[in-house]
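Numbers restart at 1 for each chain; the letters A, B, ... are given by sequence-line order, proteins then strands.
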Amino acid sequence: MTDFSEQIYRLLMNVPKGRVTTYKALAQALNTKSYRAVGQALRRNPYAPKVPCHRVVASDGTLGGFNGKRGGRELEKKKKLLASEGVKILGNRVDNFKKIVINNIE
DNA sequence: GAGTCATTCGTTG
DNA sequence: CAACGAATGACTC
């Protein structure tokens with residue numbers, strides 16, 4: 001594992017349940033410009049249950065990569081999971097995203 | 001060593 | 001208002 005993934009995992013851990021993060025925020029927290037890299041590490045999910053990749057969404061509040069990329073049926077699952085966490089999903093966007101999104105991770 | 005990728009921003013139609 | 005392309009850095013094979 002790389003320090004990069006380690007940092008992401010740590011940041012996700014700092015995101016309380018019922019809240020979501022954006023790739024941009026993570027990338028900024030890691031001081032990187034490649035938002036993709038963040039998603040890449042999450043996609044592999046080096047830390048399966050510890051890194052709730054579904055809690056990470058695009059900067060627009062959309063589901064981002066989990067949408068229509070891989071069949072999309074997992075998307076439904078994630079949507080439900082997020083709703084279960086307190087994050088309501090409208091279509092493929094996060095409700096109150098602006099309120100639950102964390103633009104600034106410690 | 002090369003290819004791929006879960007994004008984002010900017011510009012143009 | 002909407003859509004397309006270009007840029008970037010990391011991870012995997």
Side-chain angles (χ1 to χ4, degrees):
Chain A
M1 253 11 107
T2 76
D3 296 288
F4 197 80
S5 305
E6 210 179 293
Q7 293 293 331
I8 294 170
Y9 145 75
R10 198 169 179 150
L11 290 166
L12 260 302
M13 199 179 148
N14 270 276
V15 177
K17 173 192 93 170
R19 234 128 281 191
V20 295
T21 323
T22 70
Y23 297 102
K24 202 192 177 204
L26 286 165
Q28 272 194 31
L30 299 179
N31 207 24
T32 186
K33 267 166 52 225
S34 285
Y35 318 99
R36 282 183 166 196
V38 180
Q40 285 287 324
L42 291 172
R43 195 210 193 207
R44 306 295 163 186
N45 220 355
Y47 305 90
K50 284 194 170 174
V51 179
C53 38
H54 60 262
R55 233 183 255 172
V56 184
V57 296
S59 67
D60 290 280
T62 43
L63 280 252
F66 334 94
N67 194 359
K69 229 77 168 197
R70 188 85 172 176
R73 38 190 152 215
E74 293 208 21
L75 191 287
E76 283 182 71
K77 218 171 166 185
K78 258 139 205 185
K79 283 198 333 196
K80 208 180 168 186
L81 184 59
L82 283 163
S84 202
E85 299 258 303
V87 181
K88 285 141 199 155
I89 307 296
L90 301 177
N92 42 312
R93 292 217 171 103
V94 181
D95 185 34
N96 299 310
F97 168 69
K98 229 179 100 174
K99 291 187 166 184
I100 64 177
V101 74
I102 301 179
N103 284 296
N104 198 262
I105 308 182
E106 25 183 311

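With a glycosidic angle more than 90° from 0, C:dA7 adopts the anti conformation.
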DNA chain C base-pair string [pairs: Watson-Crick or G-U under 3.5 Å; |: paired with another strand]: |||||||.|||||
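Following rounding to the nearest Å, A:R36 (CZ) and C:dA6 (P) show an atom-to-atom distance of 13 Å. For the pair A:Y35 OH and C:dT8 P, the interatomic distance rounds to 11 Å; values are reported in whole Å. We find that NZ of A:K77 is positioned 19 Å from P of B:dA6, with the value rounded to whole Å. As a whole-Å value, the separation of A:K24 NZ from B:dG10 C1' is 13 Å. Between A:L42 atom CG and B:dA6 atom P there is a gap of 12 Å when expressed in whole angstrom units. Atom pair A:R43:CZ and B:dT7:P shows a separation of 10 Å (rounding to whole Å applied).
Contact annotation for A:T22: no contact, since no heavy-atom pair falls under 4.0 Å across all strands. Contact annotation for A:R44: backbone-only contact, meaning every heavy-atom pair under 4.0 Å involves sugar-phosphate atoms and none involves a base. Across all strands, A:Y23 comes closer than 4.0 Å to base atoms (heavy-atom distances).
Residues A:D60 and A:Q40 each lie close to DNA chain B; by heavy-atom proximity, the contact nearer the 5' end of the strand is made by A:Q40.
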